[in-house]
Asks: 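Have a look at this one.
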There are 2 protein chains.
Amino acid sequence: MDGYPDRPRRAARQESLREHNLALVARTVLLAPEPPSRADVAARTGLNRATVSRLVAELVAGGLLSEDDPVAAGAGRPATPLRPAAGTVAGLGLEINIDFVGARLVDLAGRVVAERMTPGHFRDSAPDEILGLAAHLGRQTLESAPDVPTAGTGLALPGLVRENRLLTAPNLDWHDLDPADVLIRAAPELGPVTLGNEARLAALAELATDPAASFLYVSGEVGIGAAIVRDGEIVTGVHGFGAELGHLMVDPGGHRCRCGATGCLETVAGTDALLEAAGLPGASMAELAERLVTGEAQARAAVERAATALGQALAAFVNLVDVPTIVLGNTLAQLTEALRPGIEAELGTRVLAARWAPPQLRTAAPLAHPALTGAARAALAPVVDDPSAWLSRVRAD
Amino acid sequence: MDGYPDRPRRAARQESLREHNLALVARTVLLAPEPPSRADVAARTGLNRATVSRLVAELVAGGLLSEDDPVAAGAGRPATPLRPAAGTVAGLGLEINIDFVGARLVDLAGRVVAERMTPGHFRDSAPDEILGLAAHLGRQTLESAPDVPTAGTGLALPGLVRENRLLTAPNLDWHDLDPADVLIRAAPELGPVTLGNEARLAALAELATDPAASFLYVSGEVGIGAAIVRDGEIVTGVHGFGAELGHLMVDPGGHRCRCGATGCLETVAGTDALLEAAGLPGASMAELAERLVTGEAQARAAVERAATALGQALAAFVNLVDVPTIVLGNTLAQLTEALRPGIEAELGTRVLAARWAPPQLRTAAPLAHPALTGAARAALAPVVDDPSAWLSRVRAD
DNA sequence: CGGATAAGTTGTGCAGCGCAACAAACAATG
DNA sequence: CATTGTTTGTTGCGCTGCACAACTTATCCG
């Protein structure tokens with residue numbers, strides 16, 4: 001039932017072979033933990049050394065890969081290590097969230113080329129104004145690195161995104177918008193703008209550490225978002241959204257949620273709800289973590305309750321979607337160890353397959369505003385996934 | 001973030017082109033609602049007419065496709081309709097369930113070539129004995145159609161399947177088995193045996209009506225299984241299982257479930273649980289449906305409770321996985337209309353994206369033991385997905 | 001210093017597709 | 001009933017792109 005070749009969707013011609021193998025070689029180098037030689041790439045991909053040489057030549061000429069100085073390792077001709085080119089192609093990540101707007105320019109090598117950040121309070125804000133600010137930050141960021149060509153822009157938003165439109169962002173009180181259009185009008189140099197859900201793009205950033213991983217990324221913010229990653233790919237529902245973990249019901253008789261239903265996970269384990277229950281409204285998660293150390297009862301109780309609710313929701317998730325690992329990100333990352341016992345207890349009893357595949361729980365890689373980096377990566381994705389198209393664009397200049 | 005070409009995984013050589021396009025042409029004909037001509041196939045796939053002709057010739061020679069008599073449609077040379085070949089390749093489906101063991105031989109055209117069924121009571125049964133019975137039924141079925149070459153066998157089981165092993169089937173009380181091995185020893189002529197979860201294979205049968213559909217298939221049995229189908233493909237979790245809808249928690253303080261947790265959906269809406277709550281233990285769903293017509297209070301209350309629970313579980317599912325359609329199958333199919341109001345009420349309030357994409361609810365296509373057909377289709381899948389391999393096997397004879 | 005070894009390059013052969021021209025089979029028209 | 005127009009399917013040719021093998025290059029080692 002599995003393991004068969006990808007379902008063929010469109011005709012493959014001679015040209016498709018090139019596109020496919022070019023992408024294969026590019027990915028192999030871009031995602032390798034250590035810079036591989038041409039011979040390494042040939043061995044890993046199954047392509048002939050001669051073919052790899054030809055393809056690498058194209059990719060180097062197009063500025064996607066670069067060669068290091070040859071290094072000898074034992075006998076034989078020294079290998080020429082290949083690595084992602086730095087500073088030749090970049091993607092711009094933008095993020096609009098409740099408490100800040102930011103821009104980050106990231107190149108193929110994963111280096112942050114430039115960054116701009118504006119803190120603020122954008123709850124119930126005017127979309128055009130904030131999008132204008134984002135466009136401005138993006139423009140500034142691009143201008144600060146004028147010699148780096150940009151493939152496009154990714155925009156992370158805390159809401160429901162579908163077909164490159166924002167359906168709703170409850171915490172911003174934004175609804176039914178076309179932010180990509182607004183951005184492009186304000187700053188055409190941003191190039192094609194791709195929208196993405198904040199949690200999903202944060203998951204994309206998390207992937208940088210292990211490009212072929214499978215996990216559920218849980219992003220704790222005011223709300224609770226999530227994204228499913230399977231073998232290094234974000235799993236998308238039919239409509240483009242999904243993984244709305246925050247609105248899983250954990251308490252049929254619980255509080256009413258902003259979404260209209262009752263007993264949603266967010267009403268128990270969302271940042272604001274949790275801090276309020278702990279008797280620390282307006283505080284930060286870090287402060288809450290401190291209170292736990294001193295052993296304050298109300299804080300403990302609130303965290304325990306949140307952990308149980310999270311555990312139940314995650315168990316439901318794992319039963320339905322079967323992911324091996326759960327990654328806690330953003331504000332939840334700071335509480336991982338406090339939450340662990342409660343979450344693991346629920347996972348242990350409720351996950352049907354726990355005996356054979358106990359879900360692992362871990363903290364996200366430390367990185368401020370991961371969705372910014374994820375958005376930049378999303379903007380670079382077309383280049384990585386289809387280098388041929390980018391190369392012909394480069395040649396056209 | 002979406003719509004980019006499939007991630008390249010292995011090297012593509014000239015031969016890969018052929019394999020790809022051969023599969024493309026085969027699929028186009030096999031899944032077409034009406035028999036298409038070569039010219040139709042060329043238009044739909046984007047391949048050149050000449051190429052299609054070459055590929056079709058191979059597929060016809062290999063017994064995968066057959067030509068109808070040419071029919072004139074308006075001006076021009078009459079087109080030669082192409083259709084799946086009947087009786088030249090078949091897959092054998094086996095199913096072991098609580099109340100029967102069955103075998104069904106299905107050819108590429110979807111025709112049932114032969115079938116054998118043995119009713120019984122196999123709860124807490126001896127695996128070797130029942131697998132022997134299944135092997136015997138399979139052998140008989142194959143012998144009754146000796147001139148139809150078989151690609152292999154699919155085996156549907158009501159339990160957790162992973163890497164072609166049965167981890168657990170609580171209702172059979174079978175655990176940690178390798179049924180494929182047992183079958184092949186007992187009847188080598190069954191060929192390669194692929195295991196599959198009952199709900200998942202039933203979903204595969206449901207796909208026959210609309211080969212590119214996306215839906216959640218909910219299979220009501222003693223337990224409640226489910227399978228996610230996205231664009232005509234079964235979505236598999238990382239470990240191979242997932243979609244364990246029956247063990248979603250709907251009532252934190254509810255009954256203890258066989259799985260060890262409390263308040264699972266199965267304990268409210270599973271066939272046995274539902275009938276018991278309705279005051280009809282041991283009856284059939286059809287009888288329950290009748291009682292509803294006469295307006296019996298206890299039956300009504302039980303169904304309403306089940307509908308609400310199902311609605312909550314399905315809402316959770318849709319929020320997490322984002323499927324547009326929910327298909328109720330097996331025993332649940334008979335209650336669809338009785339359950340609809342309760343389910344839709346919950347979906348309406350709990351599904352975050354309901355405003356933009358309200359989930360549809362419908363009954364499965366009428367077909368006895370759909371998992372049998374699905375298992376047969378699963379056995380045929382390798383042929384459909386990689387015709388080249390099958391063709392060279394045919395040529396080798 | 002020469003042999004062993006591995007990396008990368010060059011030239012040839014072959015598979016497989018698109019393209020264009022062509023043959024086949026029918027309908028419409030006067 | 002012959003001619004024209006239209007669509008289907010086939011044939012021959014040329015191009016793309018990969019594998020393969022032989023070769024060159026650059027290093028290590030004895």
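Each chain gets a letter, A, B and so on, in the order the sequences are listed, and its residues count up from 1.
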Asks: Tell me, yes or no, whether the heavy-atom count around A:Arg165 atom CZ, taken from other residues, nucleotides or ligands under 6.0 Å, exceeds 12.
Replies: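 Yes, because the 6.0 Å sphere around CZ of A:Arg165 holds more than 12 heavy atoms from other groups.
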Asks: Is the shortest heavy-atom distance from the side chain of B:Leu204 to the side chain of B:Tyr217 under 4.5 Å?
Replies: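 They are not in side-chain contact.
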Asks: Rounded to whole Å, how long is the line connecting atom CG of B:Asp69 with atom P of D:dT8?
Replies: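 Atom-to-atom, B:Asp69 to D:dT8, this comes out as 18 Å.
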Asks: Give the rounded distance in Å between these two atoms: CG of B:Asn21 and P of C:dA15.
Replies: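 Distance check: B:Asn21 CG to C:dA15 P gives 17 Å.
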Asks: Does B:Arg18 have a side-chain nitrogen or oxygen under 4.0 Å from the phosphate oxygens OP1 or OP2 of C:dC17?
Replies: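 Checking C:dC17 against B:Arg18, a side-chain N or O does come within under 4.0 Å of OP1 or OP2.
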Asks: Taking the side chain as every heavy atom from C-beta outward, state whether A:Ser214 and A:Asp231 have any pair of such atoms under 4.5 Å apart.
Replies: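 In short, these two side chains touch, coming nearer than 4.5 Å.
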Asks: Between D:dC18, D:dG9, C:dA7, spot the one nearest the side chain of B:Arg49, thanks.
Replies: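 Nearest to the side-chain atoms of B:Arg49, counting from C-beta on, is D:dG9.
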Asks: Main chain of B:Leu47, side chain of B:Thr45: is a donor-acceptor contact present, judged purely on distance under 3.5 Å?
Replies: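 Yes: the side chain of B:Thr45 pairs with the backbone of B:Leu47.
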Asks: Closer than 4.0 Å, any side-chain N/O of B:Thr80 to the OP1 or OP2 of D:dT8?
Replies: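 So the side-chain polar atoms of B:Thr80 never come under 4.0 Å of the phosphate oxygens OP1 or OP2 of D:dT8.
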Asks: Using whole Å, report how far CG of A:Leu55 lies from P of D:dG17.
Replies: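 A:Leu55 atom CG is separated from D:dG17 atom P by 10 Å.
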Asks: Quickly work out the B:Leu24 CG to C:dC17 P distance and round it to whole Å.
Replies: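 After rounding, the reported distance stands at 11 Å.
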Asks: Tell me what A:Ala50 touches on the nucleic acid: a base, only sugar-phosphate, or nothing, going by heavy atoms under 4.0 Å.
Replies: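 It contacts base atoms.
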Asks: Looking at B:Arg54, does any N or O in its side chain come under 4.0 Å of the phosphate oxygens OP1/OP2 on D:dT10?
Replies: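 The answer is no; no side-chain N or O of B:Arg54 sits under 4.0 Å from OP1 or OP2.
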Asks: Taking only N/O atoms, report every protein-nucleotides 1-6 of chain C pair under 3.5 Å with atom names and distance.
Replies:
residue, atom, partner, partner atom, Å
C:dT5, O2, A:Gly76, N, 3.1
C:dA6, N3, A:Arg77, N, 2.9

Asks: Between A:Glu58 and A:Arg18, does any side-chain N to carboxylate O distance fall below 4.0 Å?
Replies: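 A salt bridge is present here (some side-chain N lies under 4.0 Å from a carboxylate O).
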Asks: Find which nucleotide of DNA chain C each of B:Asn48 and B:Gln14 is nearest to by heavy atoms, and output the residue with the more 5' nucleotide.
Replies: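 By nearest-heavy-atom nucleotide position, the 5'-most residue is B:Gln14.
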Asks: Whole Å only: how far is the CG atom of B:Leu391 from the P atom of C:dG16?
Replies: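 Result: 13 Å.
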Asks: Would you mind reporting whether B:Thr80 and B:Asp68 have side-chain heavy atoms less than 4.5 Å apart?
Replies: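 Answer no - side chains too far apart.
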Asks: Considering only NZ, NE, NH1 and NH2 on the basic side and carboxylate oxygens on the acidic side, decide whether A:Glu233 and B:Arg9 come within less than 4.0 Å.
Replies: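 Salt bridge present between A:Glu233 and B:Arg9.
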Asks: In terms of the nearest nucleotide of DNA chain D, which residue is placed more toward the 5' end: B:Ala79 or A:Glu19?
Replies: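 This one resolves to B:Ala79.
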Asks: In whole Å, I'd like the distance from the CD atom of B:Glu58 to the C1' atom of C:dA15.
Replies: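 Atom-to-atom, B:Glu58 to C:dA15, this comes out as 12 Å.
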Asks: Taking CD from B:Glu15 and P from C:dG13, how many angstroms apart are they, rounded to a whole number?
Replies: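 Between P of C:dG13 and CD of B:Glu15: 21 Å.
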Asks: Ignoring backbone atoms, establish whether A:Thr51 has a side-chain N or O less than 4.0 Å from OP1 or OP2 of D:dA19.
Replies: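 For D:dA19, OP1/OP2 do have a side-chain N/O of A:Thr51 under 4.0 Å.
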Asks: Heavy atoms only, 4.0 Å cut-off, all strands: where does A:Ser53 land among base, sugar-phosphate and nothing?
Replies: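 Result for A:Ser53 = base.
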